[in-house]
Amino acid sequence: MPAAAHPPLPIQRTTDALLVVDVQNDFCPGGGLAVANGDAVVPVINRLMPQFDEVLLTQDWHPAGHGSFASAHPGHAPFETVQMPYGAQTLWPDHCVQGTPGADFHAGLNTTAARLVIRKGFRTGIDSYSAFFENDRRTPTGLTGYLRERGLKRLFMCGLATDYCVAYSALDARAQGFEVVVLLEACRAIDLGGSLDAALAQMRQAGVQTVTTAPACAA
Ligand code: VGL
Ligand code: ZN
């Protein structure tokens, strides 16, 4: 996986947050929208968590029949693109339906330390990859306000999938004025038609730091 070599970044406990994106059963092997080796991020993320005071989780949380599901678009198959009122939308297999086991966090993920769980994608007619804005790029989730009110300035991001929910979250975080570090060894990608390389390039262009290995905590 391409990544810039980088010295370890000291973590600032009062102004840094760890954002753990969508580490849910449906994105792990055997799930509805399985990401290759998605579950490999779990032990890596568990080891990162104690280095942060502010651990935030996102949870993809769709109603049954969600507009991003190919099953809701007769004649269309998963991974095709359709036009929605807010723009182009990739269609996915059914995944992360509210209240189902597929929407649960991976059982091995340590969720105890999480201070905030932000659910997204809960409106039938609109998808939400980003932890900040839904796919219309306008409807906020409230995360910016949370981060600002708590004085958090830099986000370390990890989880699933690198090229969708992590990348969209990282780009929005930059646009909202936060520093962003994506921890690639704690991410896995869907990689649809070159989407991983495109997302990495876009993130780096936007000033997102991509690092291979986890940073060490400040002494
Ligand atoms: C995601 C596609 C659909 C993700 C969520 O977590 O990256 N991707 N829903
Ligand atoms: Zn989804």
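In this chain, numbering begins with 1 at the start of the sequence shown. Note that the structure is a prediction, hence the values are computed from the model and not measured.
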>> Check whether Asn110 reaches the backbone of Asn46 with its side chain - one donor and one acceptor, N or O, closer than 3.5 Å.
In response: no

>> To check you understand the geometry: which heavy-atom pair defines the closest contact between Ala131 and Ser169, and what is its length?
In response: N-OG, 2.9 Å

> Under the salt bridge (Lys or Arg N to Asp or Glu O under 4.0 Å) rule, what pairs show up with a residue in residues 100-119, not counting sequence neighbours?
Replying inline: Glu54-Arg115

> Ignoring hydrogens and geometry, is there a side-chain-to-backbone donor-acceptor pair from Asp22 to Gln24 under 3.5 Å?
Replying inline: no

> Other hydrophobic cluster members with Leu91, side-chain heavy atoms of Ile/Leu/Val/Met/Phe/Trp/Tyr under 4.5 Å, chained?
Replying inline: Val82, Met84, Tyr86, Ile126

>> Assess the residue pair Leu18 and Met49 against the criterion (side chain to side chain contact (heavy atoms under 4.5 Å, CB included)); give the C-alpha distance rounded to whole Å, side-chain angles, the decisive distance to 0.1 Å, and a yes or no.
In response: CA-CA 7 Å; Leu18 181 68; Met49 283 174 169; 3.9 Å; yes

>> Please report the interatomic distance OG(Ser128) to NE2(His62), rounded to the nearest 0.5 Å.
In response: 8.5 Å

> Would a hydrophobic clustering, with Ile, Leu, Val, Met, Phe, Trp and Tyr connected at side-chain separations under 4.5 Å, put Val97 with Ile118?
Replying inline: no

>> Looking at every non-hydrogen atom in both residues, tell me the closest pair between Gly38 and Cys28 and how far apart they are.
In response: C-SG, 4.1 Å

> What distance separates Leu143 CG from Leu116 CG, expressed to the nearest 0.5 Å?
Replying inline: 7.0 Å

> Which pair of non-hydrogen atoms, one from Met157 and one from Ala173, has the smallest distance, and what is that distance?
Replying inline: CE-CB, 3.7 Å

>> Please give me the minimum heavy-atom distance between Cys187 and Thr162, naming the atom from each residue.
In response: CB-OG1, 3.4 Å

> When you check the gap from the basic side-chain N to the acidic O, do Arg137 and Asp172 get nearer than 4.0 Å?
Replying inline: yes

> Going by heavy atoms in the side chains, are Asp191 and Asp163 under 4.5 Å from each other?
Replying inline: yes

> Taking atom CD1 of Ile11 and atom CG of Asp53, what is their separation to the nearest 0.5 Å?
Replying inline: 10.5 Å

> Can you name the side chain to side chain contact (heavy atoms under 4.5 Å, CB included) partners of Ala40, sequence neighbours left out?
Replying inline: Asn37, Arg188

>> Going by side chain to side chain contact (heavy atoms under 4.5 Å, CB included), name the residues that satisfy it together with Thr90, two or more places apart in sequence or in a different chain.
In response: Thr81, Trp92, Tyr129, Leu192

> Side chains of Cys96 and His66: does their closest heavy-atom pair fall under 4.5 Å?
Replying inline: no

> Within a strict 4.5 Å, meaning less than it, do heavy atoms of the Val23 and Val41 side chains meet?
Replying inline: yes

> Are Tyr168 and Leu171 side-chain neighbours, meaning at least one heavy-atom pair lies under 4.5 Å?
Replying inline: no

> Within a strict 4.5 Å, meaning less than it, do heavy atoms of the Asp16 and Val181 side chains meet?
Replying inline: no

> If two hydrophobic side chains count as joined below 4.5 Å and joins carry through other members, does Phe105 share a cluster with Leu33?
Replying inline: yes

> Heavy-atom distance under 4.5 Å between the side chains of Leu147 and Phe132, does that happen here?
Replying inline: yes

> What distance separates Thr100 OG1 from Asn25 CG, expressed to the nearest 0.5 Å?
Replying inline: 9.0 Å

> Who are the ring-ring contact (aromatic ring centres under 6.0 Å, His included) partners of Phe27, not counting sequence neighbours?
Replying inline: His95

> Once you round to the nearest 0.5 Å, how far does CG of Leu57 lie from CG of Leu19?
Replying inline: 8.0 Å

> Does the side chain to side chain donor-acceptor pair (under 3.5 Å) test come out yes or no for Arg204 and Thr210, once each step is laid out?
Replying inline: CA-CA 7 Å; Arg204 288 167 183 155; Thr210 55; 2.8 Å; yes

> Can any side-chain N or O of Asp26 pair as donor or acceptor with the backbone N or O of Gly31 at less than 3.5 Å?
Replying inline: no

>> Using side chain to side chain contact (heavy atoms under 4.5 Å, CB included), reason through Leu200 and Leu184 one step at a time and then give a plain yes or no.
In response: CA-CA 10 Å; Leu200 289 171; Leu184 292 173; 3.9 Å; yes

>> Show the nearest heavy-atom pair for residues Thr124 and Pro63, with the distance to one decimal.
In response: OG1-CG, 3.5 Å

>> Pairing donors with acceptors under 3.5 angstrom, does anything connect the side chains of Asn135 and Gln89?
In response: yes

> Between His73 and His76, how do the two ring planes meet: parallel, tilted or perpendicular, split at 30° and 60°?
Replying inline: perpendicular

> Minimum heavy-atom separation for Ala113 to Val55, with atom names?
Replying inline: O-CB, 3.9 Å

> Rounded to the nearest 0.5 Å, how far apart are CG of Leu152 and CD of Gln12?
Replying inline: 12.0 Å

> Does the pair Arg123/Glu134 count as a salt bridge with the N-to-O cut at 4.0 Å?
Replying inline: yes

>> Could you see if Leu155 belongs to whatever hydrophobic cluster contains Val182? Use Ile, Leu, Val, Met, Phe, Trp, Tyr and a side-chain cutoff under 4.5 Å.
In response: yes

> Among all residues two or more places apart in sequence or in another chain, which pass the ring-ring contact (aromatic ring centres under 6.0 Å, His included) test with Phe178?
Replying inline: none

> Do Phe133 and Trp61 share a hydrophobic cluster, counting only Ile, Leu, Val, Met, Phe, Trp and Tyr and linking them when any side-chain heavy atoms are less than 4.5 Å apart?
Replying inline: no

>> Given 3.5 Å as the limit, does a donor-acceptor pair link the side chain of Arg174 with the main chain of Ala206, or not?
In response: yes

> Do the side chains of Phe79 and Tyr164 join up, straight or via other hydrophobic residues, at under 4.5 Å, putting them in one cluster?
Replying inline: yes

>> Any donor-acceptor pair under 3.5 Å linking the side-chain atoms of Glu185 with those of Thr212?
In response: no

